[in-house]
Visitor: 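Got a structure for you, written out below as structure tokens; questions coming shortly.
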Amino acid sequence: MSEASTEETAHTAGEIRTIALAVIAGIFFGGVATGVAFPTLPLLDEKLVISAVMLSFILSANRIARLLMNTPAGTIIDRYGARKPMIFGLFTQALAPFGYILGLNAPATILGSVPGLGEVSLPGLVFVLSRLFWGVGSAFVFIGAFATITYVTTADNRGRWIGYMRGGQSLGFPTGLIVGGVLTDLATMETAFLAAGVLALIAGTIATLVLPNVHSGTDTRSTGLRELPSLLTGRPTVLLIGFGNFTVQFLWGGIVLSTLARYANVYDLEIALLGAAGVSGVVMAVGVLTSGATTLGTSWISDRMNDRTLLTVPAFLSMAAGFLLIGSVPTIEALLVAIALVGGGMGVAAPALMAILGDLTPGDELGRMGSVYNVMGDIGLSLGPLVAIPAVDNWFGYQWTYVLCAALVTSCLLVVSAPLLRNPDVSTTGVVEAD
């Protein structure tokens, strides 16, 4: 098998464009809904009557749920196709923001104490359940989008369309960040969450109306988390790609997004009349806009290179420089530059790694291999918030936490980039056979 699917030649350029734009539209509005809610969540510990550790658990709950659902979602998509699972995922995500509103208005009743988490309140429990719903839905959305785009493209145009898909997701997220941060400062948290829920419903509606089913799925094998080690035996390249995704998601979705509002608050950073929530929303939006711009700007380059891995070298170096700047110069100007560096590096590395994975994966395994990629990323997303707030508040402080982040992303040059560059199978003209 020389491509991700033996049926790729059946899809014309126009068909690929129609299918890809349908996927991008769905994940764009899903990204907006995600971004609207995020600037407010790290500031809710006092309002929800919970500890900082419990707040970290709430931030991680959706990632933990997605971590557990990735492999079942991949199996379902390989068996039945991507359309219905994606629609299910988008509407399931839409339940979460309405749950946030319910949690904000729930009585502050203490339900008990959990070792390691401290006191658990009723509002806190509602937020945990809402985040779990979001995680279940997003597993189907992310893997379905990857499987759909990869299935209909070839190695000659896959980098471009995966880049556009990632760019659509990235550009949706900062739009939501700005709306969420500004609505929270100028109106209420409930208003921000209501906007997120409505936008998530729009995403599901668009997918229902226009998303095609590009393949029916014929694979009947099942894969769970316990089967991942055996699945990866003989596929070390997939594990390397997964580690790169783990690092990017751990640092950006885990550390940065969980600590930025507190960082702005500790160092009294302001933008016009905006406080910590507004500053974090605007700054994170700058990073994700930069990520989206670099994704769109470099995706066509990926298809013209013999080895997409070359793009990861400047990407990891840019992220490392950004983290060093955040830790050493706590000013709003330096923070904006640093976040742009981190976001730009992420915008180049993530789609390149995903395109490499698509080049290496047979069409009947896109769901499962996509789930492996997502599992590694979600491990990073789950661990990030759990360690981020204790790291900056209790363990290392802000400076050393961000220095350690720079060291971790620099290690990807040795762990990810170097081995992939030496692997003859990793190129846009040569892919591995199915096992």
Side-chain angles (χ1 to χ4, degrees), residues 34 38 41 53 55-75 77 89 116-117 128 131-143 145-146 166 169 223-233 235-259 312 316 319 323 342 345-346 349-354 356-357 361 367-391 395 401 404-405 407-412 414-417 419-420:
T34 304
F38 209 98
L41 294 180
V53 177
L55 175 61
S56 295
F57 181 70
I58 289 174
L59 293 173
S60 296
N62 67 317
R63 284 83 178 259
I64 295 171
R66 191 168 66 197
L67 174 63
L68 297 175
M69 279 302 302
N70 276 326
T71 47
T75 297
I77 287 169
L117 293 179
V128 169
R131 298 286 283 173
L132 291 174
F133 272 107
W134 189 278
V136 170
S138 63
F140 288 95
V141 172
F142 291 166
I143 298 172
F146 167 75
R166 291 282 306 185
Q169 182 183 6
T223 303
L225 281 176
R226 289 179 295 181
E227 284 76 39
L228 282 184
S230 60
L231 184 66
L232 290 172
T233 301
R235 286 186 171 92
T237 304
V238 175
L239 188 59
L240 296 178
I241 296 169
F243 179 78
N245 190 37
F246 161 83
T247 302
V248 169
Q249 301 303 332
F250 175 82
L251 295 177
W252 176 256
I255 302 296
V256 172
L257 295 189
S258 298
T259 62
T312 66
F316 291 141
M319 292 184 70
F323 280 112
V342 174
M346 182 184 69
L353 292 171
M354 188 176 288
I356 293 169
L357 178 64
T361 305
R368 283 193 301 280
M369 289 299 102
S371 73
V372 172
Y373 182 85
N374 257 23
V375 164
M376 295 294 289
D378 284 339
I379 291 174
L381 287 170
S382 300
L383 288 178
L386 289 175
V387 304
I389 294 176
W395 302 342
T401 296
L404 291 173
C405 290
L408 177 60
V409 72
T410 302
S411 73
C412 286
L414 297 177
V415 177
V416 180
S417 299
L420 290 178

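All heavy atoms count here, side chains included; hydrogens, waters and symmetry mates do not. Source: prediction; values computed, not measured.
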Visitor: What are the two closest heavy atoms between V342 and M319, and how far apart are they?
Guide: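 It is O-CG, 3.6 Å.
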
Visitor: Kindly give the heavy-atom pair with the smallest separation between A350 and Y373, and that separation in Å.
Guide: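 Heavy-atom minimum between the residues: O-OH, 3.4 Å.
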
Visitor: Residues two or more places apart in sequence or in another chain: which of them pass side-chain contact (heavy atoms from CB on, under 4.5 Å) with A139?
Guide: R66, M69, N70, A73

Visitor: Provide the closest heavy-atom pair for G135 versus A65 in the form atom of the first, atom of the second, distance.
Guide: CA-CB, 4.1 Å

Visitor: Rounded to the nearest 0.5 Å, what separation is found between the CG atom of L132 and the CD1 atom of I64?
Guide: 8.0 Å

Visitor: Check A388 against T259 and note the closest heavy-atom contact, atom names and distance.
Guide: CB-CG2, 3.6 Å

Visitor: Can you give me the closest heavy-atom contact between G242 and M376, atom names plus distance?
Guide: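 Heavy atoms of G242 and M376 come nearest at O-CB, 3.2 Å.
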
Visitor: Side chains of L420 and I241, heavy atoms from C-beta outward: is any pair under 4.5 Å?
Guide: yes

Visitor: For A145, which residues count as a side-chain contact (heavy atoms from CB on, under 4.5 Å) partner, sequence neighbours excluded?
Guide: V23, I27, M86, M165

Visitor: Would you sort out whether V375 and L67 count as a side chain to side chain contact (heavy atoms under 4.5 Å, CB included), showing the intermediate values?
Guide: CA-CA 5 Å; V375 164; L67 174 63; 3.5 Å; yes

Visitor: Can you tell me how far CE of M354 sits from CZ of F142, rounded to the nearest 0.5 angstrom?
Guide: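 Reported value, rounded in 0.5 Å steps: 9.0 Å.
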
Visitor: Ignoring hydrogens and angles, write down the donor-acceptor pairs under 3.5 Å from the side chains of residues 246-255, residues two or more places apart or on other chains.
Guide:
| residue | atom | partner | partner atom | Å |
| --- | --- | --- | --- | --- |
| T247 | OG1 | F243 | O | 3.1 |
| Q249 | NE2 | N245 | OD1 | 3.4 |

Visitor: Does F140 have any ring pair (Phe, Tyr, Trp, His ring centres under 6.0 Å) partners at least two apart in sequence or in another chain, and if so, which?
Guide: F88

Visitor: What distance separates F323 CZ from L404 CG, expressed to the nearest 0.5 Å?
Guide: 11.5 Å

Visitor: Between CD1 of I77 and CD1 of I143, what distance do you get to the nearest 0.5 Å?
Guide: 5.5 Å

Visitor: Taking the side chain as every heavy atom from C-beta outward, state whether L353 and V416 have any pair of such atoms under 4.5 Å apart.
Guide: yes

Visitor: Kindly write out the residues that satisfy side-chain hydrogen bond (donor to acceptor under 3.5 Å, both in side chains) with T312, not counting sequence neighbours, or none if the list is empty.
Guide: S417

